[in-house]
Every structure is written in C-alpha cells, then in structure tokens.
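Report on one structure; see the data block that follows.
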Amino acid sequence: MERQVILNLKNIKKYFPVQSTIRMQPRAVKAIDDVSLQVYQGETLSLVGESGCGKSTTGRCAIGLLETTSGTITYRDKDITHLKGKEKREMTKEMQMIFQDPYSSLNPRMTVGAILEEVWKIHKKPGMTKKDRMERAMEMFLKVGMRKDQYYRYPHEFSGGQKQRIGIARALMLEPKLVVCDEPVSALDVSIQSQILNLLSEIKQERNITYLFISHNMSVVRYISDRVGVMYLGHLVELSSTQELYANPLHPYTQALLSAVPEVNPHRKKQKIKLTGDIPSPLNPPSGCVFHNRCPYAVPVCSEAIPEMEEVSDGHLVACFRHEAY
Ligand code: SF4
C-alpha cells in the first residue's frame, strides 16, 4: 500500500542574519541548508544529530513557528510555507509542538486546568461553552495519566514528568494530526523517560497521529521511531528506516554517532569511531561536504563538491561520495 505524505519539506533553508559592522559583509548563520524531507501519515520520523545541527530549527520551520529563508513546505496538498493570519491559526489546529522544557512552556500564574481550557478559548469553536471546554480539558488531563484532583493545581506543584504530561495534553487539545516533539524527554530522569515515550506511543496508536521527533539520544530514537534522519551542520546526511539505519549505517557521521552508544552486552566489544576536530561554525561552514574536516574517509573531491542524497537501497538515502568504499 502506498504511504501518504502528510508533510513535504523541499529545499528548505533557514539563515539567521548576524549583526555586523557597517564595513563588514552581511553574514548569516546557516541553521538549515537545503533540507528536503517527506513525512508519511502515521509514522514517527526522528531527526538526530549534535546540538546546533539544525534539527529543532527544521521542526519549528515545518510547523510554521519559524519562517523559512527559502524552500517550500506542503501539508497534505496545501502549500503552507507563507501562511499568515486566520489561515495560519487554522493550520495550528492540525500541527502542534511538545517542547523540551515543559515548565517554561506552562504559564506559572494559571492552574493547569485553565492552561488546557485556554487552548479552546484562543481557537474558538462555534457553540462551544465553558462547560464543554472544561469537559474536554479534563478528559485530556486524565488521558495523559493525571488525576482529577490535580486539575486545579499550579505548574510548580508538579514533577518534571507530570509537567511533560501536561505539555502533551495541551499539545493534543486541538486534536492535531502532526506533532513535533522537540527533545520531549531529554530534561527528564531516565526512569520517567520511558513512561513518557510509552505515553506518546499509546496516543499515536489511538489517534493515528504523525510525529516528527527531535532528539540527540540514539537509544531514545531507536525505541520510538519508524524512520530516522541524521543531520549534521544544517544538512540531512542520511535517512532510512530505523532497523536499517542501526544495522547498516552508511554515512561516517552516523557510524560515529552509533559507535558512541553504550553497549548493553558486556561481552560484545564495540569499535568506537573517534571524530577529530570541533564541529565547524554554521556562520562559516566548510566547502563541499560539510563533514569533510572531521571525516576519516575524506578525499580531495569531498572539499570541492556537495554530495547529493542518493537512494542506495529501498528507502535508504545517504549523502556521501564514498559510501561504497568503507
Ligand atoms: Fe566523508 Fe567525503 Fe563522504 Fe563527506 S563525502 S562523509 S567527507 S567521505
């Protein structure tokens, strides 16, 4: 059965201008540089990579929280790249975000119940009464594993895991079809992380939601994703099904990321790939393949030309001139 594309990012660029003196040429941080990506209905697609690789910026551009510098974004068959006003508000109902730090995304002066009800106050629905709003909010509050008696408490009275549950409830209030989860468990204790991941999986099954999941944690990504995209310095360098990526990583950067994941089996020895040098500045990225100054397999052409994403097996794409050589 052919999979339906829910979100299509085409040649997305996001440059942040940097203030410079009058004499200097205008400069920009290239947070995303020509990323193309399709997200399928009902899947969990994860974006991984080091801090500053552009994964969160991609997620924010995808749902219109940030305006792109160029490129097009299509949701179902609608071009949503430059939506404004009412049209943008309507699209917000379809696409929501779960943030990394749940506390800073919850208003400390409001009870959590009021925070949830406020969503429907902003996105008014004809005929919806105060009682309807409260019923919906309470239903969602219980759905994410909270208790009825906690509804009138304030955000500071909850633990990190509970706050993230409330953040999830708020993101789901409008019954979105696509949710961007931006590092939703990285601020939580390990024991709580699995509870939140299981909650996200349960909700996805039940409501046929699509997730664009952003994380730097390869173990978390393996657990939750159907497909994984690896990003480096604003570029997508590899994209594949989760199983294939973990069994057969092709890009040297993906191989290095996976080699750094601790081995659970003490009898199995893993060869660690150490990357030399620092991640370059996105203000002045290297020419050609942006990974060439850290890549153990680089050859002269790598600093001269930019490798295109190439499909090397069914659904497995990689951007590397030498993926067959090692
Ligand atoms: Fe390394 Fe060259 Fe491949 Fe880039 S294109 S990852 S520098 S071998």
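Whatever order the structure lists them in is the order used to number ligands and atoms, beginning at 1. For this chain, numbers begin at 1 and follow the sequence in order. Quantities reported herein were computed from a predicted structural model and do not represent experimental measurements.
Heavy-atom contacts of H251 reach the following atoms of ligand 1: 6 (S) (cutoff under 4.0 Å). Of all atoms in ligand 1, numbered sequentially from 1 with element shown, those under 4.0 Å from a heavy atom of F321 are 3 (Fe), 5 (S). Residue C302 approaches ligand 1 through these ligand atoms, each under 4.0 Å from one of its heavy atoms: 2 (Fe), 5 (S), 7 (S), 8 (S).
Between the side chains of E183 and S56, no donor N or O sits under 3.5 Å from an acceptor N or O. No side-chain N or O of E90 forms a donor-acceptor pair with one of H123 less than 3.5 Å apart.
Heavy-atom proximity to atom 4 (Fe) of ligand 1, evaluated over C289, P252, P286, C320, is greatest for C289.
Checked against a 6.0 Å centroid threshold, the rings of H251 and F291 count as neighbours.
Taking SG of C181 as the reference point, atom NZ of K204 lies at 10.5 Å (rounded to 0.5 Å).
Look at C295 and atom 1 (Fe) of ligand 1: an N/O/S atom of the residue is under 2.8 Å from the metal.
When hydrophobic residues (I, L, V, M, F, W, Y) are linked wherever their side-chain heavy atoms come within less than 4.5 Å, the members clustered with V301 are V299, F321.
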